[in-house]
Amino acid sequence: MNRTLPIYLDYAATTPVDPRVAEAMIECLRDVQLQGNPSSMTHEFGRRARAVVEKARAQVASAIGARADSIIWTSGATESNNLAIFGAARFNRDRGRHIVSARTEHKAVLDTLKQLEAEGFEVTYLKPACDGIVHVEQVSEALRSDTQLVSLMHVNNEIGVVQDIAAFGRLCRERGVLLHVDAAQSVGKIPLDVQAMNVDLMSMTAHKVYGPKGIGALYVRRTPPLGLRPLMFGGGQELGLRSGTLPTHQIVGMGLAFELAQRELTSDVARIKALRQRLWDGISKCGDVELNGDPEQRVCSVLNVSFHGIEGESLQFALSELAVSTGSACASASESPSYVLRALGRSDQLAQSSLRFSLGRYTNQAEIDAAVAAINREVARLRSLAG
Ligand SMILES: *Cc1c(COP(=O)(O)O)cnc(C)c1O
């Protein structure tokens with residue numbers, strides 16, 4: 001069988017590994033001198049492994065304007081979100097049991113908060129404006145004397161809207177409330193500076209930034225130090241916040257991926273943005289389409305589009321030559337319409353006739369032109385069948 005693969009427009013679900021990253025990881029796995037346990041400081045094998053782990057820690061820290069010792073390795077943004085939210089909430093449970101978040105957060109945040117509600121915490125879920133934006137005034141109004149944590153994402157994974165984290169940071173710092181940010185989708189697309197943005201906790205993952213799956217990090221503010229109750233207990237690695245043997249080759253991959261993301265951010269963004277504009281111009285020719293989320297305050301790579309008069313699933317089926325998604329990868333297994341689009345006030349039906357197109361480092365103009373041709377052809381065909 002020699003079927004051609006679809007055009008990959010699903011970078012927000014995961015990205016391919018950059019060949020330079022793959023090379024570094026393979027080299028690390030092949031190097032017998034790096035096979036020691038990075039926590040074994042009693043011999044040279046351990047110390048060499050530790051050195052490359054610490055180099056990667058510095059690379060990740062540098063990409064977000066942080067101190068290297070504020071980076072804790074995890075298995076990905078899901079674990080980072082769990083560690084940040086459970087960790088802060090449980091550590092500070094006597095300071096207050098109220099948390100502020102939003103309806104459009106990733107499930108890794110929402111389901112963690114749901115667990116905390118079962119433990120006696122109270123959560124206010126802000127409803128964003130119809131353009132997907134959470135306004136700082138909403139956050140301010142939601143804060144109470146017993147609020148201990150605000151958890152809001154930087155870039156939304158389904159619609160690509162960018163929140164004003166610096167404004168949330170100023171507010172939270174002023175009111176003495178911790179701010180956690182899920183930044184899984186913003187590394188490499190928006191310059192990040194945790195100090196300037198007054199972020200206390202920030203979740204990151206490698207596989208949305210051309211690194212490997214299964215490795216992530218949590219930024220934990222160090223000055224003044226911030227307490228977290230761990231999720232994993234054992235060998236006491238990562239300052240006791242995340243026990244378990246460090247996966248050296250995964251960490252090396254994430255470090256290089258973040259260094260490349262930082263170094264190539266400006267050129268990547270300019271190129272991807274131009275392609276996204278070309279895609280949107282082409283899709284607009286279908287007529288009766290709506291862009292979901294603010295048209296300006298958005299990341300360079302994502303377009304979420306509602307097609308009037310068509311069922312989303314029939315469109316996705318008709319567009320089998322494109323690898324796109326109807327929502328987040330995790331939610332699209334279920335039939336229900338996207339909760340993010342529902343939170344923006346879209347009807348079930350319109351939410352269901354929406355597709356997310358996400359572009360990345362390897363998207364080229366020929367792919368965009370082929371995608372536009374397929375979309376225009378299939379939308380016209382499905383509408384004529386429906387009409
Ligand atoms: C992908 C993603 C996650 C989950 O990250 P994993 O590393 O796959 O666990 C969390 N939040 C957002 C916004 C994401 O896009």
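It should be emphasised that the depicted structure is a prediction, and the values quoted were computed from it without experimental measurement. Each ligand, and each atom within it, is numbered from 1 in the order the structure gives. All residue numbers refer to positions in the sequence shown, counting from 1.
For atom 11 (N) of ligand 1, the closest non-hydrogen atom on the protein side is Asp182 OD2, 2.6 Å. Closest protein heavy atom to atom 3 (C) of ligand 1: His106 NE2, 3.5 Å. In terms of protein heavy atoms, atom 7 (O) of ligand 1 is closest to Thr205 OG1, 2.6 Å.
Close approach to Gly76 involves these atoms of ligand 1, each under 4.0 Å from a residue heavy atom: 7 (O). Each of the atoms 6 (P), 7 (O), 8 (O) of ligand 1 lies under 4.0 Å from some heavy atom of His207. The Asn157 neighbourhood of ligand 1 comprises atoms 13 (C), 15 (O), with distances under 4.0 Å to a heavy atom of that residue. Per-residue contacts place Met153 under 4.0 angstrom from the following atoms of ligand 1 (heavy atoms of the residue considered): 13 (C).
Between Tyr11 and Tyr362, the ring-plane angle classifies as tilted under the 30° and 60° cut-offs.
Contact annotation for Lys208 and ligand 1: only side-chain heavy atoms (C-beta onward) come within less than 4.0 Å of the ligand. If you look at Thr78 next to ligand 1, the close heavy atoms, those under 4.0 Å, come from the backbone and the side chain alike.
Glu79 and Ser75 form a side-chain donor-acceptor contact under 3.5 Å, judged by distance and modelled atom types alone. Between the side chains of Asn198 and Arg170, not a single donor N or O lies within less than 3.5 Å of an accepting N or O. No donor-acceptor contact under 3.5 angstrom links the side chains of Ser353 and Ser306, judged on distance only. For the residue pair Ser203 / His180, a side-chain donor-acceptor distance below 3.5 Å is found, with atom types taken as modelled.
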Residue pair Arg229, Glu119: steps toward the salt bridge (charged side-chain N to carboxylate O under 4.0 Å, His left out) verdict: CA-CA 15 Å; Arg229 197 179 137 73; Glu119 291 178 21; over 6 Å; no
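The side-chain contact (heavy atoms from CB on, under 4.5 Å) with Val155 is formed by just one residue from the set Asp182, Val161, Val299; it is Val299.
Residue-to-ligand polar distances place Ala77 within reach of ligand 1: an N/O pair is separated by less than 3.5 Å.
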